[in-house]
Amino acid sequence: MAAKTKKFKTEVQHLLDLVVHSLYSNKDIFLRELIANAADAVDKARFEALSNQDIAAEWAVRLQVDKDAKTLTITDNGIGMTEEEVVKNIGTIAQSGTKAFMKAIEEQGDKAADIPELIGQFGVGFYSSFMVADKVELVTKRAGSDAPAIRWTSDGKSSYSIEEATKDTHGTEVKLYFNETAEAYLEDWKIKEIVKKYSDFIEYPIILPSITTNEDKTTTVEDVTINSQKAIWLRQASEITEEDHKSFFSHISHHGGEPLKHIQLAAEGTTEFKALLYIPEKVPFNMFMPETQKKGLQLYVRRVFITDECEQLIPDYLRFVKGVVDSSDLPLNVSREILQENPLLTKIQKNVVRKVLSELKKMQDKEPETYAKFFKEFGKVLKEGMHTDYANQEKLQKLAMYETMNGEAGKLISLAEYVQAMPEAQKDIYYISGDSREQLENSPLLEYFKSKSFDVVFMTDPIDEWVVQSMQQYDKKNLKPIGKGELDLDEESKKESEKVIKKATDKHKNLVAFLQSELDANVKEVRFSSRLTESACCLVADEHDAGAHMERIFKAMNQEMPVSKRILELNPSHPLVEALQGCYTADAKDPKLASYAGLLYDQALLTEGSQITDPLKFSRQVAELMVASLQKDSKK
Ligand code: ADP
C-alpha cells in the first residue's frame with residue numbers, strides 16, 4: 001500500500017490549532033493522556049486474551065527516550081488498531097465530543113489555560129501530543145487479526161498520512177518528535193515526576209529504561225518500573241491520599257474535574273467485592289447526552305479488567321457515580337452476555353445503591369453545604385429514582401431538596417425540614433410546579449398560603465412533575481398541588497369561606513353565567529373561591545386533570561397531550577367583581593363586557609406563566625383601557 005495523505009476535517013483542524021496554541025497551559029498532561037490510552041488498549045487486549053490464546057504478552061507500557069533525535073516513544077502491547085480503526089479513532093474525533101469541546105472553549109473565552117483540563121474531559125486526548133511535538137508517528141498492529149500494521153504520521157496541521165508498516169507484535173507505538181519548547185520531557189526525572197503524579201495507579205508496569213555508565217566506561221541498560229501499580233481500590237482507606245483519589249478519579253471518569261466525595265466499599269459474605277466510587281464535583285458536559293456517555297461502573301474480576309461500562313452495577317438515576325467494582329466471585333472469562341442477567345451483579349448493585357444512598361444521607365446530615373452543592377449538580381438525576389426505584393423511594397424522598405416560597409432564592413430544604421416548620425393548623429404538604437422560581441413567586445395561587453403563613457414547595461425541575469405522580473405522601477402527609485381542585489381548608493375556615501362564596505355566587509349569578517358563556521371555549525367553569533386575597537382571578541386545574549405545567553412540558557417535548565379546560569376562579573372580595581357587576585346590571589349587552597371577560601382570562605394565563613393566544617388583541621384591549629382611564633382622569 002502506498003502512503004495516502006488525508007486531510008483532517010475542518011473541525012479537527014480548528015481543534016488542533018487551539019491545542020497547539022494553548023501556549024501557557026499545563027503541557028504535562030500529554031503524557032497522562034497517552035499512557036491512559038496505552039493502558040486502556042492493554043486492558044482491552046487482556047480481556048480478549050481470555051478467549052484468544054494468540055493474544056499474549058507481558059503486559060506493559062514502555063517509554064523510550066532518544067535524546068539525540070529528541071523523541072519520546074510510548075509503546076504498549078495492547079489491542080492495537082486496524083487501518084479502519086486508525087482512521088476512525090485518530091483521523092476524526094467523535095463528532096459529539098468535538099462540538100461540545102469547541103463550545104466549552106468558546107464559553108471560556110480566551111482563558112486558554114484551562115484547555116488541557118478540557119482535553120481530558122472531551123475524549124480528544126491523543127491530540128494533546130501536538131502541544132509538545134511538531135510531528136507524531138503512530139505504528140500499530142491489531143491483536144488477533146491478520147490485518148497489516150499501519151503507520152500514521154502527522155504534523156498536526158492540516159493532514160495526516162497513512163501507510164502499511166512492519167511490526168511483529170500487537171500493540172501501538174506513539175513517537176513524539178518534540179518541538180523546542182518541550183525538550184524538558186527528554187529528562188528522566190521529568191518523565192518520572194509526571195508518571196508519579198498522574199499514572200501511578202495504572203495497573204501495568206510503566207517501564208523507563210535506565211542507563212548507567214560503568215567504571216570501565218561501558219553502559220548498562222536496565223528496565224525500571226516507575227509506577228507503583230497498586231490497584232487503588234484494593235488499598236486500605238488510610239493508605240490512599242487525596243492526591244491519589246484525584247488522579248484515579250480523573251483516570252476513570254475521563255474528566256478533568258475533581259471528586260466531591262469518595263466511597264469505599266468492601267463486601268464480605270455471600271457476595272464478595274470491593275468498590276471505590278466517586279461522586280464528581282460537577283456535572284460532566286455529557287450528563288444529558290446519553291449517547292456520548294460511558295454508562296455504568298468499571299468491572300474487574302480479581303484485578304483483571306473486564307469492562308468499563310458495566311451498566312448492571314448501578315441504576316440509571318445514579319449514573320453520575322463513577323468508579324470501580326472488583327468482584328471475587330465472577331469467573332474471569334465472563335462474557336458480556338453473561339453479564340447481562342447475572343444475579344451476582346444484581347446483588348452487587350443493591351449493595352452499591354444502599355451504600356451510595358447512605359453516604360449521601362450522611363453528607364446531607366453532617367455536611368449540609370457539600371450536600372447542597374451536590375444536589376444542585378445532580379439532584380435532577382437523583383430524583384428520577386423516586387419514580388423508578390420504588391424500593392428506595394423513601395430514602396430518596398428524604399434526599400430530595402427543594403426551594404420553597406418562604407425560603408430565599410437558591411436555598412434548598414428537604415421535605416423533613418418543611419414538615420418540621422409546618423404550623424399546627426397545616427396538615428398537608430403543598431407544592432406548586434413551574435419553570436422557575438421567578439415565575440412561581442408571582443403566582444396568585446400563593447396568596448392564600450401567604451395569608452396563612454403556610455410554606456409552599458417550589459417544584460421547578462421538569463422531572464418533578466413526573467416524580468410527584470408516584471409520591472402521594474411523605475411522612476404520612478399528603479402532597480397537594482395548590483393549583484388543582486378545590487382548596488381544602490380547616491373546618492373553621494371552611495365554614496367561613498363557604499358563607500362568603502355562597503353569598504358572592506348568589507349575588508353575581510348572572511354575571512358568572514355570562515362570563516362562563518363568553519369563555520366557554522377555554523374554561524370549564526367560572527366560580528368564586530377563597531384562594532385569592534389580592535388578585536382578581538386565577539386558573540386552576542380540575543382535580544384529575546394534568547395542570548398547566550404538565551401541559552407546557554408536553555408541548556416543549558412536541559408531544560400530543562389532550563389539553564383540558566380549566567377552572568377560572570374569582571376573588572369575591574376584589575373590587576373588579578363589583579365593578580363588572582355594575583356594568584352588567586346597567587347594560588347586559590354592553591360590548592365592553594365581552595372584551596373584559598377575555599382580558600380576565602388572558603390575565604390569569606399571564607400570571608401563571610402560560611402564553612396567551614392572541615397577544616395583539618390583548619395589547620389593543622389594554623391600550624383602550626388606558627385611554628379610557630386617562631380621558632376620565634382629565635375630565636375630573
Ligand atoms: P479517548 O482516549 O478519550 O477516546 P483519544 O483522542 O485519546 O480519546 O483517543 C481516541 C481513540 O483512539 C481511543 O478511544 C482509542 O480507540 C484509540 N487509541 C488511542 N490510543 C490508542 C492506543 N495506544 N492503542 C489502541 N487504540 C488507541
Side-chain angles (χ1 to χ4, degrees), residues 432 434-435 438-448 450 482-484 487 500-501 504-505 507-542 545 547-549 551-552 555 563-636:
I432 179 169
D435 295 334
E438 292 70 43
Q439 177 210 334
L440 294 179
E441 260 174 346
N442 295 325
S443 170
L445 298 172
L446 297 175
E447 291 170 9
Y448 169 79
K450 273 186 198 144
I482 65 168
K484 244 188 214 186
L487 190 61
V500 176
I501 291 172
T505 311
K507 185 170 175 201
H508 304 295
K509 209 173 184 163
N510 295 341
L511 174 68
V512 168
F514 168 79
L515 292 174
Q516 175 108 48
S517 73
E518 268 312 307
L519 299 174
D520 192 48
N522 299 310
V523 165
K524 197 183 245 177
E525 187 189 343
V526 178
R527 71 183 181 204
F528 286 102
S529 84
S530 320
R531 207 182 297 265
L532 302 168
T533 59
E534 289 158 35
S535 306
C537 62
C538 67
L539 285 161
V540 297
D542 213 352
D545 290 344
H549 185 56
E551 281 170 11
R552 277 198 301 273
K555 231 189 201 162
V563 175
S564 37
K565 288 194 208 171
R566 284 181 297 145
I567 297 167
L568 182 73
E569 289 193 350
L570 302 174
N571 176 356
S573 56
H574 198 282
L576 186 63
V577 175
E578 283 305 331
L580 279 173
Q581 183 66 55
C583 178
Y584 185 83
T585 316
D587 176 8
K589 300 236 153 34
D590 188 336
K592 276 211 286 282
L593 282 166
S595 157
Y596 291 171
L599 269 178
L600 214 54
Y601 176 66
D602 283 350
Q603 253 190 64
L605 283 176
L606 287 175
T607 47
E608 70 173 18
S610 295
Q611 287 192 343
I612 52 179
T613 40
D614 191 348
L616 199 67
K617 183 169 159 206
F618 178 80
S619 67
R620 210 178 53 226
Q621 287 172 326
V622 171
E624 278 167 16
L625 274 176
M626 287 164 75
V627 171
S629 145
L630 292 169
Q631 283 173 344
K632 208 163 96 196
D633 285 351
S634 65
K635 272 190 207 142
K636 267 187 200 160

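Along the sequence shown, the residues carry numbers beginning at 1.
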Contact check, side chains of S530 and V500, non-hydrogen atoms, under 4.5 Å: no
Distance, nearest 0.5 Å, that separates CG of L445 from CD of E569: 8.0 Å
Side-chain touch N571/V577, heavy atoms, less than 4.5 angstrom: no
Check: Q516 and V526 side chains under 4.5 Å, non-hydrogen atoms: yes
Close side-chain approach of T613 to F618, heavy-atom, < 4.5 Å: no
Side-chain touch L539/K565, heavy atoms, less than 4.5 angstrom: no
Sequence neighbours excluded - salt bridge (Lys or Arg N to Asp or Glu O under 4.0 Å) pairs with any residue from residues 609-633: D633-K636
side-chain contact (heavy atoms from CB on, under 4.5 Å) assessment of Y601 paired with L515: CA-CA 10 Å; Y601 176 66; L515 292 174; over 6 Å; no
L570/L600 under side-chain contact (heavy atoms from CB on, under 4.5 Å): CA gap, chis, key distance, verdict: CA-CA 10 Å; L570 302 174; L600 214 54; 4.0 Å; yes
Distance, nearest 0.5 Å, that separates NZ of K509 from CG of L511: 13.5 Å
Nearest heavy atoms of K507 and Q581, plus distance in Å: O-OE1, 4.0 Å
Heavy-atom closest pair, residues G434 and Q439: C-OE1, 3.9 Å
Nearest-0.5 Å distance that lies between atom CZ in R566 and atom OG in S610: 5.5 Å
Atom NZ of K524: over 12 foreign heavy atoms under 6.0 Å: yes
Close side-chain approach of L593 and D587, heavy atoms under 4.5 Å: no
L630, CG: over 12 other non-hydrogen atoms inside 6.0 angstrom: yes
Pair K484 + D542: basic N to acidic O under 4.0 Å: no
Stepwise side-chain contact (heavy atoms from CB on, under 4.5 Å) test for E525 and L568: CA-CA 6 Å; E525 187 189 343; L568 182 73; over 6 Å; no
Check: Q611 and L605 side chains under 4.5 Å, non-hydrogen atoms: no
Spatial distance of atom CG (N510) from atom OG1 (T585) [nearest 0.5 Å]: 8.0 Å
Qualifying residues under side-chain contact (heavy atoms from CB on, under 4.5 Å), relative to L625, sequence neighbours excluded: Y596, L599
Straight-line distance of I432 CD1 to I482 CD1, nearest 0.5 Å: 4.0 Å
Aromatic ring proximity F528/H508, centre distance under 6.0 Å: yes
Test side-chain contact (heavy atoms from CB on, under 4.5 Å) applied to T505 and V512, step by step: CA-CA 8 Å; T505 311; V512 168; 6.0 Å; no
Pairs meeting criterion salt bridge (Lys or Arg N to Asp or Glu O under 4.0 Å) with involvement of residues 594-606, two or more places apart: none
Inter-residue atom distance L532.CG - Y448.OH, 0.5 Å rounding: 12.0 Å
Donor + acceptor pair across side chains of S443, E608 (<3.5 Å): no
Q603 versus T607, side-chain donor and acceptor atoms under 3.5 Å: no
Distance-minimising heavy-atom pair for C537 and P444: O-CG, 4.1 Å
S517 side chain reached by D520 side chain, heavy atoms, under 4.5 Å: no
